[in-house]
Engineer: 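Handing you a structure now.
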Amino acid sequence: MTSERYNAREAEPKWQRVWEERELFRTRNDDPRPKYYVLEMFPYPSGRIHMGHVRNYAMGDVVARYKRARGFNVLHPMGWDAFGMPAENAAMANKVHPATWTYANIATMRSQLKSMGLSLDWHREIATCDPSYYKHQQRLFLDFMAAGLVDRKTAKVNWDPVDHTVLANEQVIDGRGWRSGAVVEQRELTQWFFKITDFAQELHDALDQLDRWPEKVRLMQRNWIGRSEGLMVRFALDSKTSPGGERELEIYTTRPDTLFGAKFLAIAPDHPLARATAAGNADLAAFIEECKRTGTAQEAIDKAEKKGFDTGIRARHPFDPAWELPVYVANFILMEYGTGAIFGCPAHDQRDLDFVNRYGLGNTPVVCPPDIAPEAFVVTDVAYDGDGRMINSRFLDGMTIAEAKEEVARRLESESVDGRPVGTRKVNFRLRDWGVSRQRYWGCPIPIIHCDSCGVVPVPKADLPVKLPEDVSFDLPGNPLDRHPTWKAVDCPQCGRAARRETDTMDTFVDSSWYYSRFTDPWLDEAPTDRAVVDHWLPVDQYIGGIEHAILHLLYSRFYTRAMRAAGHVGLDEPFRGLFTQGMVVHETYKGPDGAWVSPAEIRIEADGAERRATLLSSGEPVEIGGIEKMSKSKRNTVDPDDIIGTFGADTARWFMLSDSPPERDVIWTEEGVQGASRFVQRLWRLTGEIARVAGPVGAEAPATFTTEALAIRKAAHRALIRTEEDVERLRFNRCVAHAYELANALSAAIGAVTDDTDRDDLAFAFREAGEVLIQIVAPMMPHLAEECWLALGHTRLVADQPWPAADRALVVEDEITLPVQINGKKRADVTVSRTASSAEVEAAVMQLEAVQRALEGRPVRKFVVVPGRIVNVVV
RNA sequence: GGCCCCGUAGUCCAACGGCAGAGACAGGCGACUUAAAAUCGCUACAGUGUCGGUUCGAGUCCGACCGGGGCCA
């Protein structure tokens, strides 16, 4: 029966149907077995799945199937991050409603995912654009409001002029919108905010506990939160010089130690003092206008030339009333950071140094590097921000930076002006509150009503969900909700008078900040979560997704879990116990004779020795082979998972995505690699047939004794089993693949040695055992092929429903071991001793070796190193 | 500019501080075949980016540098 080729196209849908009919992957919340929650980041329904999805979901599926076999009650759900701009773009381009477009895409992608044979519980499928989901998101918004975690304030926002919407700072990359790529403008708008900064310290500190997260991601989040310890310092102003007789200016600094190196104070262009001064100074007003045009993105500010405008205001040094400092308005000071005012110490801050060098204010070094004499230390173009001892700083001289910081803080804290201390210690964060208002249609409506008499009124919970209207048009720019003829009109829930709905919808990152909680009980209608259920399932034991979400999605989710805890919807802080960020799928690029990108499907590659040449299939013209880059539509170097699954089958695609590269690194998609994976599928199928021929019956008793050949087969099987267990646990799937190859190679060789008259119980048992182990370690990776092989081995039960085989560790322990023998660290011989031999016995055996005696040439042994079970080193 | 990750056969990658090779791809030779594909067997190929240090012993640890990538500025 197994002489034919394995036909994935027939077998895969067949097994998918069997799994579905038996509801094998349906997870019950009341299952008493220990829980395991494995989750891959849910996809945006863009239209079709891509190879990145295949890699991501193949990895998650290996973990899910493995844990299921190990006796866990596994939760492995799937859903759709279904709100967002592309649906509206499609609506504008093709006159199709966003909902129609989105649900059509979901249908396509669902069937694509199903063709991958993933062990998902589709009963729990959710789409964030469905009112049954966003109803609870609106409820959460209201609960967060009640818990004091929602704010409405006027803020300078990043405005995307193409998408006509506001973007969070995190969504602005290099001064451009993360989705549209348009240069972002600054606008003042009243916006809704989640007070993520309330948790800044906690989000920062808890990173230390996330020991199953990649260090890289924790570091990125730590940088993003940007905790810094500093000092607020009130500088006295000469009120004769200030526009309204202001008497002080409060600044924030993280370097109070450099206070004696101060050369100027600088305030942000939109600082109140700057505005007040500009009112009577047209030149300054013009300068402030100019600053606004450069934008406030950190990137733009860092690249822009450091410019300032002397306000004429003079400040006094806090330690020396006679020391006067000029106050500038400077384009590199942000109102949003600290107090929007700083003191400049040019010798130790590059931006300040660039500034003084432009305006001729000079610099005084106050921190001297350890290996330079203080009088020889001069700063010209490069600021010194390293360690050292204080100089030119009066009472601070000779101190370390840390000591000086402490001393300045101590003195200024105890000094009092107008009944308040001059200096106050302050922990500052770079993290800003999360602006969630978006002026778009295809998002979760913010459940708020604006009433002329009552102000901002929450929609009563009984009235949720606030549903999106269906009759909308996209032929004009701006927000369709805002210009809808009737949707906005609503009576105020408090006074009953005519009022207006909030027309902003929520940032789609809100949708993905709690979906993992909803998966635990997606049927629940009366609340977002059932506390008993959600607390049982969370945290997610293993979360798998792309590194591109290292900051935004993961930080928002960590905040959201805390906010949900505050509102009583979950009982924990950290949603993701284990996080894994997988690498990208990359592919060669090709350029045709006209310089345009050509897709891999349009070319033929010929190898002539080491030379590889590509030609166009259509015309035979030469094609230039370019660099290996992330698969993207613009470079046309994508491979469609449908094509691969249609040609080779899902198992081949999954196997190749897991083999070769370690999962956290990029994997190069190559035609040869797919061919290789496909060959292994066929080879495993043939091998299974051969094993079935020589294997003993299912469930046979183990013979009392085994011959050397049989024992060798058993050892190979159990070694592969043990290593696969270790490597699945550590998500090293490329090694799991290698173990399967190794065992298959060993079994092929063993079967080759079997002759027709071999008829021995021990060999038959060993072949059955090893064959079953091979299929079972392959099963999480290639589940369809494994079912077919399992059947061929005479089983009636599904391999997907089979407990993981028990590894016999005693089998892989050798009684006799062969140790390499080194002389002065170079290998010279081998010695075979009993596994339990003492060091003295090993030493005795080694000294008898002829090779050792020859190498010693009569010299005495200086040292004898025996590493038990590993190696022997003789030092002469 | 700072921090982090990665540099091992032609390629992708393995190797608790202990014999540099688990596995794959590509290559070469052979078997099967009228021939080819498929399949099977055999096989060459690196001393681990460079320089120094620690150690009985370094791909692995430490320092400096070179190259590639990432994050922050």
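In what follows, every chain begins at residue 1, and chains take the letters A, B, ... in the order their sequences are listed.
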Engineer: Between B:A20 and B:U48, how far apart are the P atoms? Round to whole Å, please.
Structural biologist: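 B:U48 and B:A20 have their P atoms separated by 12 Å.
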
Engineer: Take atom CZ in A:Arg212; do more than 12 heavy atoms of anything else shown fall under 6.0 Å from it?
Structural biologist: yes

Engineer: Would you kindly give the CZ-to-C1' distance between A:Phe733 and B:G23, to the nearest whole Å?
Structural biologist: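 The distance from CZ of A:Phe733 to C1' of B:G23 comes to 17 Å, rounded to the nearest Å.
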
Engineer: By nearest heavy atom, map A:Val875 and A:Asn223 onto RNA chain B; which one lands nearer the 5' end?
Structural biologist: A:Val875

Engineer: Provide the distance between the two P atoms, one in B:A26 and one in B:C72, to the nearest whole Å.
Structural biologist: 39 Å

Engineer: Atom CH2 of A:Trp669 and atom P of B:C25: how far apart are they, to the nearest Å?
Structural biologist: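 Value for this atom pair: 15 Å.
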
Engineer: Indicate syn or anti for B:G47, taking the glycosidic torsion and treating anything within 90° of 0 as syn.
Structural biologist: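 Syn conformation here, the glycosidic angle of B:G47 being no more than 90° from 0.
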
Engineer: B:G67 pairs with which nucleotide, Watson-Crick or G-U wobble, both distances below 3.5 Å?
Structural biologist: B:C6

Engineer: Just by distance, with hydrogens left out, do A:Arg55 and A:Gln582 show a side-chain donor and acceptor under 3.5 Å apart?
Structural biologist: no

Engineer: In plain terms, say whether A:Arg222 and A:Asp208 are close enough for a salt bridge, that is, a side-chain N and a carboxylate O under 4.0 Å apart.
Structural biologist: yes

Engineer: What is the minimum heavy-atom distance between A:His348 and A:Val366, and which atoms define it?
Structural biologist: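 So the minimum-distance heavy-atom pair works out to NE2-N, 2.9 Å.
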
Engineer: Quick one: A:Glu742 CD to B:G23 C1', roughly how many Å, whole number?
Structural biologist: 8 Å

Engineer: Rounding to the closest angstrom, what is the interatomic distance between B:G47 and B:C5 at atom P?
Structural biologist: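 Each nucleotide's P atom is 27 Å from the other's.
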
Engineer: What is the distance, rounded to the nearest whole Å, between atom CD1 of A:Ile547 and atom P of B:G69?
Structural biologist: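 So the CD1-P distance, A:Ile547 to B:G69, works out to 17 Å.
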
Engineer: Can you tell me the pairing partner of B:A38 across any strand shown, Watson-Crick or G-U wobble, with both distances under 3.5 angstrom?
Structural biologist: none

Engineer: Can you tell me the Watson-Crick or wobble partner of B:G52, both distances under 3.5 angstrom?
Structural biologist: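 Its partner is B:C62 (Watson-Crick or G-U wobble, both distances under 3.5 Å).
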
Engineer: Please determine if a side-chain N or O atom of A:Arg723 lies less than 4.0 Å away from the OP1 or OP2 oxygen of B:G23.
Structural biologist: no

Engineer: How many Å lie between CH2 on A:Trp224 and C1' on B:C72, as a whole number?
Structural biologist: 10 Å

Engineer: Enumerate all atom pairs, one protein N or O and one N or O from nucleotides 9-19 of chain B, separated by less than 3.5 Å.
Structural biologist:
unit_1: B:C12; atom_1: O2'; unit_2: A:Ser661; atom_2: OG; d: 3.2
unit_1: B:A14; atom_1: O3'; unit_2: A:Arg735; atom_2: NH1; d: 3.4
unit_1: B:A14; atom_1: O2'; unit_2: A:Arg735; atom_2: NH1; d: 3.3
unit_1: B:A15; atom_1: OP1; unit_2: A:Arg735; atom_2: NH1; d: 3.3
unit_1: B:G18; atom_1: N2; unit_2: A:Gln822; atom_2: OE1; d: 3.3
unit_1: B:G18; atom_1: N2; unit_2: A:Asn873; atom_2: ND2; d: 3.4
unit_1: B:C19; atom_1: O2; unit_2: A:Lys827; atom_2: NZ; d: 2.6

Engineer: Both distances under 3.5 Å, Watson-Crick or G-U wobble: report the partner of B:G27, or none.
Structural biologist: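 Partner of B:G27: B:U43.
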
Engineer: Rounding to the closest angstrom, what is the interatomic distance between B:G30 and B:A24 at atom P?
Structural biologist: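 Roughly 23 Å separates the two P atoms.
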
Engineer: With rounding to the closest Å, how many angstrom separate the P atoms on B:C45 and B:C3?
Structural biologist: 42 Å

Engineer: Quick one: A:Arg679 CZ to B:A38 C1', roughly how many Å, whole number?
Structural biologist: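 It works out to 10 Å between those atoms.
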
Engineer: Pick base, sugar-phosphate or nothing for A:Gly676, based on heavy-atom distances below 4.0 Å to the nucleic acid.
Structural biologist: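 It contacts sugar-phosphate atoms only.
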
Engineer: With both distances kept under 3.5 Å, what pairs with B:G1, Watson-Crick or G-U wobble?
Structural biologist: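 B:C72 - that is the nucleotide pairing with B:G1, both distances being under 3.5 Å.
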
